[in-house]
Amino acid sequence: MNDVTALRKINTLCVFCGSSEGNDPAYLQSAEQFGLAMVKSGMDLVYGGGGKGIMGRLAATVKAGSRRVTGIIPTRIHEMVKHIGHDEDELIIVGDMHERKAAMYARADAFVALPGGIGTLEEVMEALTWLQLGYHDKPVGLLDTAGFFSHLTAFLSHMIDEGFLRSVLFDTLTVDSDPMRLIERLQRVPLDLPAKIAHP
Ligand code: AMP
């Protein structure tokens, strides 16, 4: 039986993604498709506040669909990048990366990474680590465009095989190449996550 009441309400999604475009046009296309899926699902966006690459395309798409876009950016990065005509409804400038993450985590109901570089990797792995430790109970997902995250998921599987990662945490990581299906699957992640995965 489908228990619709058990669906997670994801009003605000925090998305980590590349400040670059990547070499394959599929990455930008899928950022746009993911933005459209967010709009269709009635989700607002919290992200790093950049106007370039995958970040910029995603923010522009969500904003064009009339959903709220909040950028959270540390002073240092804000000073480094040009902020003209960007797509945020609100740009929150914070002191440092720690403050930025705390602000992102507080606002979001779930986290997703789109293809990106080490910034994206660090952010999504931290979101997963905080889930493991019970600091939040929000699901984490990967948009696996063109198999981009297959090396990462293979490495996480290796960690399980070698006894460094609990498979119950890996099982909560939602990986999908289809934007709408990824969103729908995140909404179905069990509500009692911390109880299931927190370390004893
Ligand atoms: P990367 O994946 O290395 O391109 O880094 C992307 C992540 O790092 C984003 O999710 C942002 O949080 C942060 N970041 C990197 N570059 C920028 C930028 N130009 N403006 C805002 N945030 C950025």
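Counting starts at 1 for both ligands and their atoms, in listed order. All values derive from a computational prediction rather than experimental measurement.
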### Message
Strictly distance-based, threshold 3.5 Å: is any side-chain N or O of D44 a donor or acceptor partner for the main-chain N or O of V69?
### Response
no

### Query
Looking only at N/O atoms, are V15 and ligand 1 under 3.5 Å apart anywhere?
no

### Message
List ligand 1 atoms under 4.0 Å from I77, heavy atoms only on the residue side.
### Response
18 (C), 20 (N), 21 (C)

### Message
Quick check on M55 - does any of its heavy atoms sit under 4.0 Å from an atom of ligand 1?
### Response
yes

### Task
Check each atom of ligand 1 against the heavy atoms of C17 and keep those under 4.0 Å away; list them by number with element.
6 (C), 7 (C), 9 (C), 10 (O)

### Query
Would you say the side chains of E126 and Y135 form a donor-acceptor pair under 3.5 Å?
no

### Message
Applying side chain to side chain contact (heavy atoms under 4.5 Å, CB included), can you list everything that pairs with S41, at least two apart in sequence or on another chain?
### Response
M43, M180, I183

### Message
Using a 4.0 Å cut-off to any heavy atom of G50, which atoms of ligand 1 qualify?
### Response
20 (N), 21 (C)

### By side chain to side chain donor-acceptor pair (under 3.5 Å) - contacts of R100 (at least two apart)
none

## Note on the structure
Quick look: L121 vs ligand 1, heavy-atom contacts under 4.0 Å, and the answer is neither

### Query
Going by the atom numbers of ligand 1, which of them fall below 4.0 Å from some non-hydrogen atom of G116?
2 (O)

### Summary
If we number the atoms of ligand 1 from 1 as shown, the ones under 4.0 Å from a heavy atom of G18 are 2 (O), 4 (O)

### Message
Using a strict threshold of under 4.0 Å (side-chain N to carboxylate O), is an ion pair present between D109 and K9?
### Response
no

### Query
Under 4.0 Å from any heavy atom of I118, which atoms of ligand 1 are there?
3 (O)

### Message
For H136 and F111, I'd like to know if the aromatic rings sit close, meaning centre-to-centre distance below 6.0 Å.
### Response
yes

#### Entry: Identity of the nearest option to atom 22 (N) of ligand 1, non-hydrogen atoms only, from R100, E123, M104
R100

### Task
Please say whether more than 12 non-hydrogen atoms of neighbouring residues, nucleotides or ligands are located less than 6.0 Å from CG in D192.
yes

### Task
Could you tell me whether R107 and E90 have a side-chain N and a carboxylate O separated by less than 4.0 Å?
no

### Polar atom proximity, G119 to ligand 1 (N or O, under 3.5 Å)
yes

### Message
Check this for me - ligand 1, S20, N or O atoms closer than 3.5 angstrom, yes or no?
### Response
no

